[in-house]
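This report refers to the structure that appears directly beneath it.
Chain letters run A, B, ... following the sequence lines, proteins first and then strands; every chain starts at 1. Atom set for the values below is all heavy atoms of this structure, side chains included, hydrogens, waters and symmetry mates excluded.
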Amino acid sequence: MAPAVPRICCLDLDTFFVSVERLLDPSLEGKAVVVGASKGQRGVVTAASYEVRRFGVRSGMPMADAVRRAPDAIFLPTRHNTYSPYAKRVREVLERFCPEVRTASIDEFFLDFRGCERLYRRFGDADGDATIERVVHEMRRAIKRETGLPASAGIGASRPVAKIASGLAKPAGVVLVPVGREREVLGPLPVRKYPGIGPVMEERLLRAGLETLSQLVELPAGELRARFGGVAQRVRAGLEPNARVQLGRDRPAFLEHDQPQGGAVGSISNERTFHADVGDIQRVLDQLRTLTERVCWRARQRGVRARTVTLKLRFSNFHTVTRSMTDRPSHVEAQVLRRVRELFQRAQVLALPVRLVGVQLSNLVPDAPQLELPLGPDQPAPVGDALDAVRDRFGYDAIRLGVAGSKTRWLATPSEAVVAAG
DNA sequence: TCTGGGGTCCTAGGACCC
DNA sequence: TCTGGGGTCCTAGGACCC
């Protein structure tokens, strides 16, 4: 038996949005750059260059905070559509190195190198730690060469171990955690470093005097579970070099049945924070209509209908409520909007101005031909099909239903009018 | 200028069925 | 009449990730 080799790799693009902005504008190189909400808008930092992190700027931080900490930094608005083609090209490079690639987010990928022995031979004579490390180094260089983007990588026996290792590897490095030495290498880290332990759990653990992962996993399993629940128990599993972990199965994610069939996703949602809190119910309803239109369009694009519709409201005091309803599958605006309005009636628990509204579709089922009267009032009108066709070609915002604006009101049904917005 | 937007997963209680 | 389990679905909230 060859010695166990860690074969799960987490590849993470370093300060991804900032790196892309630098490719497009090389004068940003070496400067303090913050990507996030536009100036004057409500929002947070989505990416911060290493130069600006020195001032304490972090992603997720309110924009106003970032401006206060680093007033001289360069602030850029987030341009999602600009970044995703780069992520796609990175994935293409990864696929040349490994047949099993999972996209975890726009800037993070997991690779499973099990069953890649032939590839190993190309890079070294032994099937050992040094060989897979060389493969991953070469992969990083290929990404840099072909896309210009810096990346870091972690290698471990399981997904969480690889993930933590990639964090240790930043910037632009590779860290391998040998099988069987997880506790030794990762144990001294603060509990917050473990994926799944966030601010709330960290606080609970610190209050109990547990600061490091070692201290956490030394607790008896029963006590761990009873006091801190499933997350803490998963940490123990992640740091135990047993067979389950070596297979990367500590969570049922990743390998065989990871990706939902047909590329379907579990839910589709859109939400919007108002520039300033809104007390006018009609304006809230208008926004709900816009959001409903958008999620229904995305559902049709994906070829799914939703059984569950969820409305989300956040009030001016940040209190958030959700109301949901499960019914026959739909992706038809008129139907979904009717449900959203009903949920809205139920959700106005606070007489406070509204900060955010959201609409979510879940419980998605594959789009099958409807077994209903084809000309029922809830069916997409032919004009709806035409709308979708325009959007397929020119993008969602090429055309809008009704007129979005304070001076006009929404028309009652989609078939009444189509108004091009620009 | 406090606190985005897209997701996933977990928990817990109640309804309902067997 | 009393006393139960499981299992599944639905709903609401919340932690967490990038």
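Picking from dC18(C), dG13(C), dC16(C) the nucleotide with the shortest atom distance to the side chain of Pro199(A) gives dC16(C). Checking dC10(B), dC2(B), dC16(C) against the side-chain heavy atoms of Pro62(A) singles out dC2(B) as nearest. Side-chain atoms of Arg42(A) lie closest to dT3(B) of the nucleotides dT11(B), dT3(B), dT8(B). Comparing dC16(C), dG5(B), dG13(C) by their closest approach to the side chain of Val321(A) singles out dG13(C). Taking the side chain of Ser267(A) as heavy atoms from C-beta on, and the options dC16(C), dT8(B), dG5(B), the nearest nucleotide is dT8(B). Relative to the side chain of Glu271(A), the nucleotides dA15(C), dG5(B), dT8(B) differ in distance, and dG5(B) lies closest.
Spacing between atom OH of Tyr83(A) and atom C1' of dG6(B) amounts to 16 Å, rounded to whole angstrom units. Put simply, CE on Met201(A) is 11 Å from C1' on dC10(B), counting in whole angstrom units. Across the protein-nucleic acid pair, Arg314(A) atom CZ and dG14(C) atom P stand 11 Å apart, rounded to whole Å. Spacing between atom CZ of Phe315(A) and atom C1' of dG13(C) amounts to 14 Å, rounded to whole angstrom units. Between Gln41(A) atom CD and dG5(B) atom C1' the separation is 14 Å, expressed in whole Å. For Arg323(A) and dC10(C), the CZ to C1' distance is 14 Å, given to the nearest whole Å. In this structure, CG of Asn317(A) is placed 14 Å from P of dT3(B), rounded to the nearest angstrom.
Contact between the side-chain N/O atoms of Asn270(A) and the OP1/OP2 oxygens of dG6(B) is found at a separation under 4.0 Å. Residue Arg272(A) places at least one side-chain N or O under 4.0 Å from the OP1 or OP2 atom of dG5(B). Residue Arg355(A) places at least one side-chain N or O closer than 4.0 Å to OP1 or OP2 of dT3(B). Distances shown here put every side-chain N or O of Thr326(A) at or beyond 4.0 Å from the OP1 or OP2 atom of dC9(C). Regarding contacts with the backbone of dC9(B), every side-chain N or O of Arg234(A) stays at 4.0 angstrom or more from both OP1 and OP2. For Lys163(A) and dC18(C), the shortest distance from a side-chain N or O to OP1 or OP2 is below 4.0 Å. For the OP1/OP2 pair of dG4(B) and a distance below 4.0 Å, the side-chain nitrogens and oxygens of Thr78(A) include no atom meeting the criterion. Listed pair Thr322(A) / dG13(C) meets the phosphate criterion, a side-chain N or O lying under 4.0 Å from OP1 or OP2. Between Arg192(A) and dC16(C) there is no side-chain N or O to OP1 or OP2 distance below 4.0 Å.
With Glu146(A) as the partner, the side chain to side chain donor-acceptor pair (under 3.5 Å) test is satisfied by one option alone out of Arg89(A), Arg141(A), Arg96(A): Arg96(A).
Nearest-nucleotide assignment on DNA chain B puts the 5′-proximal partner with His80(A), out of Gly230(A) and His80(A). Along DNA chain B, the nucleotide nearest to Ala64(A) and the one nearest to Val45(A) differ in position, and the one closer to the 5' end is contacted by Ala64(A).
Within 4.0 Å of Met63(A), counting heavy atoms only, lies no atom of the nucleic acid at all. Val67(A) comes within contact range of no nucleotide atom at all, as no heavy-atom separation falls under 4.0 Å. Within 4.0 Å of Val44(A), counting heavy atoms only, lies at least one base atom of the nucleic acid. Residue Gly40(A) is in base contact, counting any heavy-atom pair closer than 4.0 Å across all strands shown. At the heavy-atom level, Met61(A) lies nowhere under 4.0 Å from the strands shown. Among the heavy atoms of the strands lying under 4.0 Å from Thr46(A) is at least one base atom, whether or not backbone atoms are also near. Heavy atoms of Ile106(A) sit nowhere under 4.0 angstrom from any nucleic acid atom. Asp107(A) comes within 4.0 angstrom of the backbone, heavy atoms only, and of no base.
The backbone N or O of Val359(A) lies less than 3.5 Å from no partner atom in the side chain of Arg294(A), so there is not a single donor-acceptor pair. With Glu92(A) contributing its side chain and Val90(A) its backbone, the two residues share no donor-acceptor pair below 3.5 Å.
Note on ring orientation: taking the six-membered ring where Trp is involved, the planes of Phe17(A) and Tyr83(A) are parallel (angle under 30°, cut-offs 30° and 60°).
Look at Lys170(A) and Asp14(A) and you find a salt bridge, because one of the NZ, NE, NH1 or NH2 atoms lies within 4.0 Å of a carboxylate O, short of that distance. Salt bridge Glu100(A)/Arg7(A): absent, no basic N to carboxylate O contact under 4.0 Å. Salt bridge status for Arg289(A) with Glu293(A): absent, with no side-chain N to carboxylate O gap under 4.0 Å.
Separating the C1' atom of dG4(B) from that of dC17(C) is a span of 14 Å, rounded to the nearest Å.
Shown here, dT1(B) is classed syn by the O4'-C1'-N9-C4 or O4'-C1'-N1-C2 angle, which is within 90° of 0.
In this entry dA15(B) has dT8(C) as its Watson-Crick or G-U wobble partner, both defining distances falling under 3.5 Å.
For Lys193(A), the NZ atom sits in a loose shell: 12 or fewer heavy atoms of surrounding residues, nucleotides or ligands are nearer than 6.0 Å.
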